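The block underneath contains the structure these notes are about, expressed in structure tokens.
As the structure is a prediction and not an experimental result, all values here were calculated from the model. Because only heavy atoms are used, hydrogens play no part in the values below, and waters and symmetry mates are left out as well, while side chains stay in.
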Amino acid sequence: MKSSKRSLFGLTLLSLCAIGADRPRRLPPVLPPANVAAPLDATPLVTRDFERVLRQTLDELDRQSIQSAVEPPAATDPRADSGEPADASMRRLQNVLRPQTGLQSDRFTAALDRYLAPQLESQPEMAIRRLPTTETQLPQLPADLLGSDTAVSNATPTTQPLIDVDRPHIEPAPIVLHDPGLDFSPMPLDPDACYHDSGREAWVYDAKHDVPTQHPWVEWGRIWYGDGITPRGRDLFGPMNLVRPKFYVYGDFRTGIQAGRNAGGRADNWANRLNLDMDLQITDTERFHAFVGPLDKQNRFTRWEVIDGDLRYRNEMNLTPATAFFEGDLGVMLGALGNQSSPFELPISAGLMPLLFQNGIWMEDAVSGIAFALPAKHSRLLNWANFDVSFFAVFDQLNSPAFADNSDAQAFGTAWFIEAYGGYIETGYAYLNHRNDDSLSYHNATFSFTRRYFDRISNSVRVIVNAGQDRAKADRTADGGLLLVENSWITAAPLTVVPYANFFYGWDRPQSVARAGISGGILRNTGINFDTDGLNGFATLDTSAADTAGGSVGVDLIGDDLDRQLLLELSYLTPHGDRAIARGDQYAIGARYQFPISNATLLRFDVMHGWREGDDDVYGTRMEFRWKF
């Protein structure tokens, strides 16, 4: 058995050697010198017959030079009278006759060197006469040699001279040995461009430096953005879903001082907000998450405020979690139980969880319920490159101006995100069911399309429609709709200079599916003059969109190093129906400037002034310090 294995190994090795063997290379054609006309009666030194005879002769000479001793030079050879010792001459000739390698091409070149060696002596004409000039003068070739790659089989000898040594124009110089440079085409690049600088390669690594990273307050388990290879997890739920536990507590701290007036009156305060996210990751796809704001309660923050000239302290501390939920991939979990990889993808979440759709316009709230999604799908029939589908059911904690309390209603719906037709589509539907009064239940649907036009305008058109409340029109809390058109101009500096123009038209009382009070109104993304700061109660124009129309025009200026931002904006709205909350036209100018102090801290400044027809003007200035961890 061992000998057969050795034989098989030997045959395999010989086969590989045969496959990789070097094949003989043909001599390049001998071209006449440039700008030199050949004589009309000239006979090429290298002809097909000569080449055939030469190859046969060289193979035989090569074979004889290896197997037998070299004969001493003839008496007519000039070297015979040179006085050179016989042994020295023998060693010199052996070096000439012996091929340097086993490759056929190199053996041929070595044999050709031996064949042309006499031409280098003092009497080249005598050396040429010593060469065989007809096939009849060739040595007898063995039969196996005639079948090799370098011999011509079945050749008929001829007595016709192959080399005419009496012709004065025949010189040995036209015989050109094989030039290895002809194996490849000319280099297309300048050789100087191929200069290799090893120091330049090392510079790529020497120039690297640590990027400052703010680590969480609490960091148990794996390090946040740690280096090295991730350690192997524990097999508790199956080898396909290993447990790698870690626990983080991270968030940010915000403190801001404001002076001004909002829609509710004077708002001079120093408020503080602490956001804490607590994340317990079990596997790579499953985790428990909770969020708590220890310094706020019911959208009011712990603060010092000035009321009628008196400085008062408001304690709004509260440890009740705002969110607490579980999320994971059902496909991964079921696959791990069956000792296999995920058979399908089905992300799920359950508990008091945040739901945010369409940049928070259609829905932004923390609700009690369940949700799941079908991610990364495509449709060849509809020409959809990629789409995600989410389904949700809300059982409690639904905040909306359409209902008096956050426990009044339930919601069941779906949201779609589709990449198609040169842009992306966001659409969704939800049915909101009032627990105790069916007349307040209604349907909420949305559709938006976003794409870029002419490589200059980024445009988004969004529609939200409410319908279905079975009440008198004056008593309905959610009906009508909202049209939003958002535009930004792509300039020559698209990252640092971004002009924008956003417009809206609302009729009756449009509502989001769910909207936490701290997230602002449905017009929050229309501009900074409609956006709440989420801390001090900064002044804004009317954000309800109830029977109003308007918009914002501004420019977003960002530093060359993307390290600072300046926003300048002009806003306007006007009522057009009897359901409007605004009593008249409203105008505002506003500005925002923010820049980082470090990788974890920043400063932000806001200023605005709003003129409201039929109401007191609103205005304010504020400064905020934010620390992320």
Side-chain angles (χ1 to χ4, degrees), residues 356-362 364 417 419 422-426 446-464 481-506 510 512 519-534 538-545 548-574 582 585-596 602 604-611 618-620 622 624:
L356 186 146
F357 298 109
Q358 297 193 29
N359 296 331
I361 297 175
W362 191 53
E364 183 177 5
F417 180 89
E419 293 184 67
Y424 61 87
I425 300 168
E426 294 175 279
T446 181
F447 180 88
S448 73
F449 183 67
T450 302
R451 68 164 298 172
R452 180 173 293 181
Y453 298 96
F454 313 111
D455 292 329
R456 282 292 178 265
I457 300 175
S458 293
N459 172 263
S460 178
V461 179
R462 195 181 317 271
V463 178
I464 298 176
L482 172 65
L483 171 65
L484 285 169
V485 180
E486 303 172 51
N487 307 277
S488 63
W489 181 261
I490 292 97
T491 64
L495 297 179
T496 57
V497 180
V498 185
Y500 63 90
N502 304 325
F503 307 98
F504 70 90
Y505 181 85
S512 302
S519 62
I522 196 172
L523 294 178
R524 189 189 68 180
N525 287 4
T526 303
I528 60 174
N529 291 319
F530 296 92
D531 184 19
T532 179
D533 67 304
F538 196 59
T540 67
L541 299 183
D542 177 34
T543 61
S544 66
T548 55
S552 296
V553 177
V555 59
D556 187 358
L557 303 174
I558 302 175
D560 292 338
D561 295 330
L562 307 182
D563 58 348
R564 57 199 65 241
Q565 180 188 37
L566 174 63
L567 275 168
L568 303 173
E569 182 179 283
L570 173 65
S571 303
Y572 168 76
L573 71 83
T574 181
D585 293 348
Q586 297 183 0
Y587 307 84
I589 58 173
R592 174 179 298 169
Y593 179 69
Q594 57 184 351
F595 64 93
L602 64 82
R604 169 176 155 181
F605 300 88
D606 293 282
V607 59
M608 73 88 62
H609 191 102
W611 295 268
V618 293
Y619 52 88
R622 64 182 298 271
E624 176 184 335

Hey, does [Y] have a side-chain heavy atom less than 4.5 Å from the side chain of [X]?
X      : Y      : value
Arg524 : Ser519 : yes
Val553 : Tyr572 : no
Ile361 : Glu426 : no
Tyr593 : Leu557 : no
Phe538 : Met608 : yes
Leu573 : Phe530 : yes
Leu523 : Asp542 : no
Leu495 : Ile558 : no

Report the distance from atom [atom1] of [X] to atom [atom2] of [Y], rounding to the nearest 0.5 Å.
X      : Y      : atom1 : atom2 : value
Thr450 : Asn359 : OG1   : CG    : 8.5 Å
Ile522 : Ile464 : CD1   : CD1   : 4.0 Å
Thr496 : Leu562 : OG1   : CG    : 8.0 Å
Asp531 : Asn525 : CG    : CG    : 7.0 Å
Arg622 : Asp606 : CZ    : CG    : 5.0 Å
Tyr500 : Asp556 : OH    : CG    : 7.0 Å

Open item on the list: With a 3.5 Å distance limit and no angle check, can you tell me whether Ser448 reaches the backbone of Val461 through a side-chain donor-acceptor pair?
Closed with: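 Absent.
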
Task: Main-chain N/O of Asn487 paired with Asn502 side-chain donor or acceptor, under 3.5 Å - done: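 Yes: the side chain of Asn502 pairs with the backbone of Asn487.
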
Quick check: closest heavy atoms across [X] and [Y], and the distance to 0.1 Å?
X      : Y      : value
Ala545 : Leu482 : CB-CD1, 3.8 Å
Gln586 : Ala582 : NE2-CB, 3.7 Å
Ser571 : Asn529 : OG-ND2, 2.9 Å
Tyr587 : Leu541 : O-CD2, 3.8 Å
Ala539 : Val618 : CB-CB, 3.8 Å
Gly422 : Arg451 : O-CB, 3.5 Å

- [ ] Inspect the surroundings of CG in Asp560 and state if more than 12 heavy atoms from other residues, nucleotides or ligands are less than 6.0 Å away.
- [x]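 Incorrect, the count does not exceed 12.
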
Open item on the list: Evaluate Glu569 against Arg592 for salt bridge (charged side-chain N to carboxylate O under 4.0 Å, His left out), listing each step before the verdict.
Closed with: CA-CA 9 Å; Glu569 182 179 283; Arg592 174 179 298 169; over 6 Å; no

Open item on the list: Apply side-chain contact (heavy atoms from CB on, under 4.5 Å) to residues Ile490 and Asp455 and explain how you reach the verdict.
Closed with: CA-CA 7 Å; Ile490 292 97; Asp455 292 329; over 6 Å; no

- [ ] Verify the ring-centre separation between Phe503 and Tyr505: is it less than 6.0 angstrom?
- [x]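 So the answer is no for these two rings.
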
Open item on the list: If you apply the rule side-chain contact (heavy atoms from CB on, under 4.5 Å), what do you find for Thr526 with Leu484, and how did you get there?
Closed with: CA-CA 8 Å; Thr526 303; Leu484 285 169; 3.9 Å; yes

